[in-house]
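One structure is given below, encoded as C-alpha cells.
Numbers for residues simply follow the sequence, beginning at 1.
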Amino acid sequence: MLYEMARMSVEDGLVMQLHPGVLRNHCREVHDSYGPDKGFDIPVKVEFTRSLRPLLDSFGMDKTFRFIAFTTDETVYSRELAPLAGCYPAMKLGAPWWFLDSPEQMRRFRESAVETAGFYNTSGFVDDTRALASIPARHDLSRRIDSGYLARLVTEGRLGLAEAVETAVDLTYNLPLQSYAARN
C-alpha cells in the first residue's frame with residue numbers, strides 16, 4: 001500500500017507523509033470522556049530501514065518524489081531515519097515535535113538527526129495542531145530550541161554566525177515551504 005501511495009505521489013506531485021510509531025488514545029477513560037486526539041499518544045517501536053527499502057529503491061532518487069517521515073520514537077532518528085534521509089534525495093525528516101512539545105526531545109532530535117542527515121534533509125517545523133491558540137507558543141518554542149542548537153554550533157566553532165542565521169531562517173520558513181509547496 002505504501003509503495004502504491006508513493007507511486008501515486010510521484011504521479012500527482014503531492015507530498016507523501018508517513019507517521020508511524022504512535023499508539024493513539026492510549027487511555028480509554030480520557031478517550032471515552034473527551035473523544036479522540038486528547039493526548040495519551042505513546043511511542044511504539046517501528047522498523048524503517050528494511051521496510052522502506054522497496055519504496056526508496058524505486059522512488060528515493062526521483063526528483064519528483066517528496067517523502068517526509070515523522071515518528072515519536074526518538075531512538076530511530078539516529079539509527080535509521082537520519083542515514084536514510086542523508087542518502088535519498090526524495091526523503092526528509094519531519095520534526096517529532098509535530099507530536100511532542102518536549103524541549104529536551106526537540107534538542108535530542110537536532111543532535112541525533114542533524115549530524116547524519118544535515119539540516120537541509122529535514123522539513124523544518126510544521127504544525128498540524130487543531131488547538132489553534134497553541135500555534136504561536138509551539139512555533140516560538142521551536143525557534144528557541146533551534147536557535148539554541150545553532151548558537152551552540154557557533155560557539156563550538158562548527159558553524160559560522162552568518163551560516164547559523166541563514167539556517168535559522170531556512171528552518172522556520174524556507175524548508176517548510178520547499179517541502180510542501182506545489183511543484184510545477
query: OG1/T172 to CG/L177 distance, rounded to the nearest 0.5 angstrom?
result: 11.0 Å
task: Walk me through it: do F109 and Y149 pass the test side-chain contact (heavy atoms from CB on, under 4.5 Å)?
output: CA-CA 11 Å; F109 168 78; Y149 182 74; over 6 Å; no
message: Could you walk me through whether K45 and D73 satisfy the salt bridge (charged side-chain N to carboxylate O under 4.0 Å, His left out) test, starting with their C-alpha distance in whole Å, then the side-chain angles of each, then the deciding distance to 0.1 Å, before giving a yes or no?
response: CA-CA 7 Å; K45 187 173 161 183; D73 178 358; over 6 Å; no
message: Ignoring hydrogens, what is the shortest heavy-atom contact between G94 and F70? Give both atom names and the distance.
response: CA-CE2, 3.3 Å
Heavy-atom donor-acceptor pair, E47 side chain to T49 backbone, under 3.5 Å: yes
message: Determine whether L93 and I68 satisfy the following criterion, side-chain contact (heavy atoms from CB on, under 4.5 Å), listing intermediate values before the conclusion.
response: CA-CA 5 Å; L93 302 179; I68 303 173; over 6 Å; no
message: For S123 versus A95, what's the shortest heavy-atom pair and its separation?
response: OG-N, 4.2 Å
task: Find out whether K92 and F67 are in side-chain contact, i.e. whether some heavy atom of one side chain is under 4.5 Å from a heavy atom of the other.
output: no
- prompt: What closest approach, in Å, do R66 and A181 show between heavy atoms, and which atom pair accounts for it?
  reply: NH1-O, 2.6 Å
field: CD/E29: more than 12 non-hydrogen atoms of other groups inside 6.0 Å
entry: no
- prompt: Quick check: are there more than 12 heavy atoms from other residues, nucleotides or ligands sitting under 6.0 Å from NE2 of H26?
  reply: no
query: At their closest point, which heavy atom of L2 faces which heavy atom of M16, and how far apart are they?
result: O-CE, 3.5 Å
- request: Report the C-alpha separation of E163 and E166 in whole Å, then their side-chain angles, then the decisive distance to 0.1 Å, and conclude whether the side-chain contact (heavy atoms from CB on, under 4.5 Å) test is met.
  value: CA-CA 5 Å; E163 188 177 8; E166 181 181 327; 5.6 Å; no
query: Hey, quick one: are L153 and Y120 part of the same hydrophobic cluster, counting side-chain heavy atoms closer than 4.5 Å, chains of contacts allowed?
result: yes
query: Heavy atoms, side chains only, cut-off 4.5 Å: are N25 and K38 in contact?
result: no
- request: For residues F119 and D170, determine if any side-chain heavy atom of one lies less than 4.5 Å from a side-chain heavy atom of the other.
  value: no
S58 (side chain) donor-acceptor with L55 (main chain) under 3.5 angstrom: no
query: Taking only residues two or more places apart in sequence or in another chain, which ones pass ring pair (Phe, Tyr, Trp, His ring centres under 6.0 Å) with F48?
result: none
- request: Hey, could you give me the OH/CG distance between Y3 and L52, rounded to the nearest 0.5 Å?
  value: 13.0 Å
- line: Interatomic distance, CG@L14 vs CZ@F65, rounded to 0.5 Å, equals 11.0 Å
Closest non-hydrogen atom pair between S179 and T122, with its separation: OG-O, 4.2 Å
Any residue meeting side chain to side chain donor-acceptor pair (under 3.5 Å) with E111, in chain and number order, not counting sequence neighbours: R152
- prompt: From L18 CG over to M5 CE, what is the distance, rounded to the nearest 0.5 angstrom?
  reply: 8.5 Å
task: State, yes or no, whether a side-chain contact exists between S102 and M106 at a heavy-atom distance under 4.5 Å.
output: no
message: I'd like to know if L81 and F59 are part of one continuous hydrophobic network [Ile/Leu/Val/Met/Phe/Trp/Tyr, side-chain heavy atoms within less than 4.5 Å].
response: yes
task: Would you give the length of the straight line joining atom CG of N174 to atom OG1 of T167, rounded to the nearest 0.5 angstrom?
output: 10.5 Å
query: When you measure from the side chain of N121 to the backbone N and O of A117, does any donor-acceptor pair fall under 3.5 Å?
result: yes
task: Would you please say whether a donor-acceptor pair under 3.5 Å links the side chains of Y173 and Q178?
output: no
query: Would V46 end up clustered with M91 when hydrophobic side chains under 4.5 Å apart are linked, directly or stepwise?
result: yes
- prompt: Is it true that H31 and F40 have ring centroids separated by less than 6.0 Å?
  reply: no
- request: Kindly check if the number of other-residue, nucleotide or ligand heavy atoms within 6.0 Å of CZ (R53) is above 12?
  value: no
message: Hydrophobic clusters here meaning ILVMFWY residues chained together by side-chain heavy-atom distances under 4.5 Å, can you tell me if L141 and L171 are in one?
response: no
message: Keeping T71 on the side-chain end and P20 on the backbone end, is there a donor-acceptor pair under 3.5 Å?
response: yes
message: Once rounded to the nearest 0.5 Å, what's the spacing between atom CD of E115 and atom OG of S78?
response: 9.0 Å
query: Are any non-hydrogen side-chain atoms of P89 and K63 less than 4.5 angstrom apart?
result: no
- prompt: How about R144: does its CZ atom have over 12 heavy atoms from other parts shown lying under 6.0 Å from it?
  reply: no
- request: Only counting residues at least two apart or in another chain, list the ones meeting side chain to side chain donor-acceptor pair (under 3.5 Å) with R158.
  value: E156
message: Using side-chain contact (heavy atoms from CB on, under 4.5 Å), reason through Y88 and M61 one step at a time and then give a plain yes or no.
response: CA-CA 6 Å; Y88 291 97; M61 304 302 272; 4.0 Å; yes
field: Distance-minimising heavy-atom pair for V44 and V22
entry: CG2-N, 3.9 Å
